[in-house]
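Encoded as structure tokens, the structure appears first; notes follow it.
What you are looking at is a predicted structure, and each value in this text was computed from that prediction instead of being measured. Because only heavy atoms are used, hydrogens play no part in the values below, and waters and symmetry mates are left out as well, while side chains stay in. Chain letters run A, B, ... following the sequence lines, proteins first and then strands; every chain starts at 1.
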Amino acid sequence: MSVRVRIAPSPTGDPHVGTAYIGLINYCFAKRNGGAFVLRIEDTDQTRCTPESAQAIFDSMKWLGLRYDEGPDVGGPHGPYVQSERVKLGIYRTYADRLVEQGDAYYCFCTPAELEAMKARQRAANQPIMYDRRHRGIELSEAKARAAAGEPYVIRMKAPLEGEFVYKDRLRKQAVAKPWKDIDDQVLLKSDGWPTYHLAAVVDDHLMGITHVIRAEEWLNSLPKHIWLNEHLGFTPPEYVHVGLLRNADKSKISKRKNPTSLLWYRRQGFLPEALLNFLALLGHSFPDGREKFTLAELQAVFELDRINVAGPVFDLQKLRHLQGQYFRELEPEKMLSEVHRAVDARFSALLPLFKERMTFGGDFIWQAEPFYADSVSPHAEDLVPKGLDRQHARLLLEQVQLTLKNYAALEQAVWDAPHLDGVVRTLIEERSAIVEGDSPEKQALAKLWQPKTLFMVLRVALTGKRESPPLFDTIAQLGSGKTIERLGVAQQKLR
RNA sequence: GCUCCCAUCGUCUAGAGGCCUAGGACACCAGAUUUUCAUUCUGGCGACACGAGUUCGAAUCUCGUUGGGAGUACCA
């Protein structure tokens, strides 16, 4: 039987780098074995899934060059490849009903509040947290009557109460063994009539002829349920293989907060798909000859599923950058030119209006806009200190403004545009000016410091490294909060 | 709490009982090339978590400890 594998991402939010990682492994495994690679969209959570998100997954996979043989937008003999469409076909309901008729699943009428209370009690008693199976014994006829009367219900699997579940994952040293009594009566069909992941995935993997389910380790715990479902539905289970989870630097599961996880971000940032793929491949797989730079074609030629490392690798952006540099410098001149154009164009239209009245030649844009493209600027210390004032004054000013903007940026409803920033800074000026009323020399110096024309120049130099720039608040707005705050800090260092 | 998984330099990894005084890559440090920077090249720093056991011999096998991670949803 020929190999068929799949990735089954859920279209919530941005396409995830973990999807690319698992996708790459599945893709290589399929290609290496002359099999098929399928993309299926798992959108059974009506509250979280969006079509835009699904589209972004298609686009990202294609961008990376992970071409799927079957999928929502390319079709195939096992469609539809979107679960919400399959729900409408009644596919999952049929299988859920079959389990109920067989006595392998049952109606449960617990309310969310009831379930919550159950959990709280178990937590308090240091008991394992799981459904207490209170509706397990309900008569089917009674259950059906209540359901027919409109009472909300879910369908739960009737997990075995004794015996042991054993499964050997080819990548793990020892077989997974777990007593059945520790396995929850998982909900299979939700009260909205839609299937949970567990039911939908098992049914679809079967219907789509999937032979190997290669997925992340986070699924290992639900493996018994999936095997059980296969068996009780009369399917031959695919082989399940669990690979390690991508990690943050602190070893926790990779997350948005601690790492860029959106594939869209990498693309926008200018990462080359070849570099990203190469990097991802290095996390967990290795070439027998130790080669670290290779194409997708080279990888799929030697790929060995059994060489995959299951310990979750830390996602090291620095190494990705290094690879990216290698690939970038090798680019054909035309390709490199278009990458540079892309990078410039990304900000060009937003920036151009700021320079319109300042330019004499088109080329003036190059040096005038430089601070907006650069990673950092290097203001001269002497330019940061206004005439008649000293370094401490300038530093104090930078510190106060930095703090104010930092606090503002942290606000949830903060709008980072020129009018708002103008307001924020002018409020600060008013506060400061009020405090320094008086006629001692020091008070006069401070009064001068907090005059807009003095202070604007200090900020301008700190932010752009130049004494001339577009209007200050347009500059701050374009720079964005991150660079603004960073550059205000760097300027303070210069004054030490 | 309960259940499960994992464990070689800071990070990604090679290593499937003697080839290991543990190899490579990123990062870091030093030097060379470069007017500068980057690239490139050379060198350096740096790890088998710990403890028992099996064995003539253990990074490699077993057990325990410790550490880390995941799951514990009518999310996937």
Can you name the atoms? Protein N/O to nucleotides 61-66 of chain B N/O, anything below 3.5 Å, with the distance.
none

Shorter than 3.5 Å, N or O on both sides, protein versus nucleotides 71-73 of chain B: list them out with atom names.
residue, atom, partner, partner atom, Å
B:G71, OP1, A:K253, NZ, 2.8
B:G71, O4', A:N221, ND2, 3.1
B:U72, O2', A:I129, O, 2.7

N/O to N/O distances under 3.5 Å, protein versus nucleotides 44-51 of chain B:
none

Check: protein-nucleotides 27-33 of chain B nitrogen or oxygen pairs below 3.5 Å:
none

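Ion pairing between a basic and an acidic side chain is recognised when a charged N comes within 4.0 Å of a carboxylate O; A:R6 and A:E42 show no such pairing. A salt bridge links A:E304 with A:R32; the closest basic N to acidic carboxylate O contact falls under 4.0 Å. Salt bridge absent: A:E101 and A:R98 never bring a charged side-chain N and a carboxylate O closer than 4.0 Å.
Comparing B:C75, B:C4, B:G69 against the side chain of A:L220 picks out B:C4 as the nearest. Comparing atom distances between the A:R247 side chain and each of B:A76, B:U3, B:G68 picks out B:G68 as nearest. For A:V314, the listed nucleotide lying nearest its side chain is B:U11; candidates were B:C4, B:U11, B:U40.
In this structure, A:D43 and A:H285 both approach RNA chain B, and ranking their closest nucleotides by distance from the 5' end singles out A:H285.
Distances shorter than 4.0 Å separate none of the side-chain N or O atoms of A:S286 from OP1 or OP2 on B:G24. Taking 4.0 angstrom as the limit, A:Q326 places a side-chain polar atom (N or O) nearer than this to OP1 or OP2 of B:U40. Between B:G69 and A:S252, no contact under 4.0 Å exists linking OP1 or OP2 to a side-chain N or O.
Side-chain contact between A:M336 and A:F328 is present, with heavy atoms from C-beta onward closer than 4.5 Å. Contact annotation: the side chain of A:L99 approaches that of A:L233 to within less than 4.5 Å [non-hydrogen atoms, C-beta and beyond].
Contacts between residues 290-309 of chain A and RNA chain B, defined by a heavy-atom separation below 4.0 Å, involve A:E292, A:R307, A:N309, listed by number. Residues from residues 136-162 of chain A placing a heavy atom under 4.0 Å of any atom in RNA chain B, listed by number, are A:V154, A:R156.
Heavy atoms of A:C110 sit under 4.0 angstrom from at least one base atom.
In this structure, A:H226 has its ring center closer than 6.0 angstrom to the ring center of A:Y197.
The base-pairing partner of B:G57, taking Watson-Crick or G-U wobble contacts with both distances under 3.5 Å, does not exist among the strands shown.
No donor-acceptor pair closer than 3.5 Å links the side chain of A:S60 to the backbone N or O of A:I57. The main-chain N or O of A:F235 is never found under 3.5 Å from a side-chain atom of A:N230 such that the two would form a donor-acceptor pair.
Each of A:K225, A:K158, A:R156, A:R136 was evaluated against A:D185; a single residue qualifies, A:R136, per the salt bridge (charged side-chain N to carboxylate O under 4.0 Å, His left out) test. Across A:F315, A:Y266, A:Y327, a single residue satisfies ring-ring contact (aromatic ring centres under 6.0 Å, His included) together with A:F279, and that is A:F315.
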**OP:** May I have the step-by-step check of ring pair (Phe, Tyr, Trp, His ring centres under 6.0 Å) for A:H285 and A:Y21, ending in yes or no?
**Re:** CA-CA 11 Å; A:H285 191 268; A:Y21 179 62; over 10 Å; no
